[in-house]
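Note that the structure is predicted; figures quoted are calculated from it, not measured.
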Amino acid sequence: MTGPRLHPFTLLAIAGTLPALAWILPPPVGGAWTAAIALALAASRGLRPGLWPALLTAAPFWLFLLLLHDVPTTIAIGLRITTMVASFVWLVAALEPARLVEAMVAAGWSASVAYLLAATLSAVPVLKTRAQRIVEAQRCRGLSPRGGIAARLRALRALALPLILSALHEVDERALALETRGLVPGIRRTPLAPPPDPVLERAARWALLLACLAALVRRLLVPSPT
Amino acid sequence: MSIRLLALIPVAAAISLALSAAVDAVALPLFLDTTGTILATALAGPGVGIATGVVTSAVNTLRNPTFWPFVVVQIVVALYAWVAARAGLFRSFRTAVPAGLGLGVIASVTSTPISYLVFGCTTTGGIALTTALGKALGLPPLGACFFGSFVSDFGDKAVTFALVTSVLHGLPRRTAARFPWALRAIGAA
């Protein structure tokens, strides 16, 4: 397992570099290499959390590409999309949000930015559960989601409105909680346990950036044989 | 940015992502994934709206990485919603729905080059199928791509604008007054 030991910024740099190279390097060889690396990384997290989600997410794109394009174009674009999908699936499996927040705070990012990501990630499942409860409650009251478009739109309003209004009423509570915890914009916080960021990894991140720039310059200067 | 507006951003982003449960229940071909962006803009202005759009895209990307390039669309939506809020277009359905249809056109124009250049027009199943239909109708590749985006965005954005209008009018005045733009957006200030 390579993921947990790497600094969160290194994970992000790898996951960003692979799709960038997939688009910059000449197809199909460049895309084949980046897709192979990205799929290998995804597989390194295990079949169930890594490789299968990557393959299952990428598969429909290949199907639709074949529907819309010829085979060489399908292969060129399909390999790029596969690289992008596999890189992000690997990233999601390897990156712990709490470590990312700590790393961002340690790097001097505003705690507000870190809060936005962490709070959204935690709010989505809560609101989804509430939405499901509202759907069931409205059905108990006789709301029918069937019929013509007008009836369905009325049903949608009856389901969405309570969800959104209840969420907005929480904003004040959240603001009060943030104020109590001292999350005032502009104030720098001290990270409790910042992830170690070795010099080697910092150098590797710069190397990845330079590799992308070099590939881009080469692509612009040397015309692709295809 | 005040603490209240900071707290609004993740709530609005989560609204965009959680509305899929309501859409699934009524089985309509809608996304409503810009609801939070438009709502946050109408309540608190373009800065909060853009931040909501970017956070929505970032969190959506963790679910499906192909969403990230479309972050540009979220930013355009926030800017458009700001103009609509300044003009008080959320004051009634009669003004909000045409404004939403206008946004549908702008969103399609914005998303088409991204979809065409990055994904070869194969973003999601429904859009890819309408793109294939456009191709079967004899449209050129870029035209078919725009057709696919337009069919999915046009109605979606009109419904989203109508929904945000309902929310803004459903908010108690005292709550609405806590957000800097809410009353102006509904033409009450």
Side-chain angles (χ1 to χ4, degrees), chain A residues 19 23 57 60-61 64-65 67-69 73-74 77 80-81 84-85 87-89 91-92 112 115-124 126-128 130-132 134-135 139 145-146 149 152-153 155-157 159-161 163-165 167-172 174-175 177-179 183-185, chain B residues 1-15 17-28 30 32 35 39 43 51 55-56 58-59 61-66 68 118-125 128-129 131-132 135 141 144 159 162-164 166-167 170-171 175 178-179:
Chain A
W23 258 269
T57 310
F61 285 97
F64 290 126
L65 281 168
L67 198 69
L68 294 169
H69 302 282
T73 312
T74 296
I77 301 176
R80 290 170 181 165
I81 294 176
M84 182 194 249
V85 169
S87 304
F88 273 84
V89 166
L91 179 71
V92 171
S112 306
Y115 161 78
L116 289 180
L117 279 177
T120 309
L121 284 170
S122 63
V124 172
V126 173
L127 285 191
K128 276 193 171 172
R130 191 182 300 167
Q132 203 53 51
I134 291 169
V135 169
R139 276 184 183 156
R146 298 209 177 95
I149 289 182
R152 284 170 195 257
L153 286 173
L156 177 66
R157 185 174 180 269
L159 298 173
L161 215 55
L163 175 73
I164 298 174
L165 288 174
L168 286 179
H169 283 298
E170 276 177 20
V171 170
D172 273 343
R174 284 173 175 263
L178 288 179
E179 232 161 16
L183 198 105
V184 180
Chain B
M1 185 185 293
S2 77
I3 291 272
R4 179 178 290 117
L5 301 188
L6 181 70
L8 172 65
I9 295 167
V11 169
I15 285 171
L17 302 171
L19 273 176
S20 58
V23 173
D24 290 347
V26 295
L28 280 170
L30 298 169
L32 303 187
T35 309
L39 180 64
L43 288 172
V55 170
T56 305
V59 173
T61 299
L62 298 178
R63 190 169 57 88
N64 184 339
T66 58
W68 182 247
V118 181
F119 300 105
C121 297
T122 57
T123 41
T124 54
L129 289 176
T131 305
K135 202 180 167 193
V159 173
L163 185 59
V164 170
S166 288
V167 172
L171 271 179
T175 310
R178 288 177 190 156
F179 297 102

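B/T35 touches chain A through its side chain: at least one heavy atom from C-beta onward sits under 4.5 Å away, while N, CA, C and O do not. Contact of B/V159 with chain A is made through the side chain alone, with heavy-atom distances under 4.5 Å. Residue A/L153 touches chain B through both its backbone and its side chain, counting heavy-atom pairs closer than 4.5 Å. With a 4.5 Å cut-off on non-hydrogen atoms, A/V92 touches chain B through its side chain but not through its backbone. In this structure, chain B has a heavy atom under 4.5 Å from the side chain of A/I81, while its backbone stays farther away. Residue contact with chain A, scored on non-hydrogen atoms closer than 4.5 Å, involves the side chain of B/L39 exclusively. When heavy atoms are compared at a cutoff of 4.5 Å, A/R139 approaches chain B solely by way of its side chain, counted from C-beta outward. Looking at B/A25, both its backbone and its side chain come within 4.5 Å of chain A, counting heavy atoms on both sides. At a 4.5 Å heavy-atom cutoff, the contact between B/A27 and chain A is made by backbone and side-chain atoms alike. In this structure, chain B has heavy atoms under 4.5 Å from both the backbone and the side chain of A/L156.
Interface remark: of the candidates A/L178, A/L168, A/L163, A/I149, A/L168 forms the most heavy-atom pairs closer than 4.5 Å to chain B. Between chain B and the options A/V124, A/T73, A/L67, the largest number of non-hydrogen pairs under 4.5 Å is found for A/V124. Note on A/L159, A/I77, A/L68, A/T57: by heavy-atom pairs under 4.5 Å with chain B, the leading option is A/L68. Counting heavy-atom pairs closer than 4.5 Å to chain B, the top-ranked of the candidates A/A167, A/P60, A/A177 is A/A167. Between chain B and the options A/V126, A/L127, A/T74, heavy-atom pairs under 4.5 Å are most frequent for A/L127. Taking A/L117, A/L65, A/L121, A/V89 one by one and counting their heavy-atom pairs under 4.5 Å with chain B, the maximum is reached by A/L65.
Here the shortest heavy-atom pairing between A/D172 and B/R4 reads OD1-NE, 2.7 Å. A pairwise comparison of heavy atoms in A/H169 and B/T175 identifies CE1-OG1, 3.8 Å as the closest pair. Taking all atoms of both residues into account, the shortest heavy-atom contact from A/H69 to B/K135 is N-NZ, 4.1 Å.
Residues A/F64 and B/T131 fail the side-chain proximity criterion, which asks for heavy atoms closer than 4.5 Å. No side-chain heavy atom of A/V171 sits less than 4.5 Å from a side-chain heavy atom of B/L5. Taking the side chain as every heavy atom from C-beta outward, A/I164 and B/L163 approach each other to under 4.5 Å.
A/R174 contributes no side-chain N or O that, together with a main-chain N or O of B/A7, makes up a donor-acceptor pair within less than 3.5 Å.
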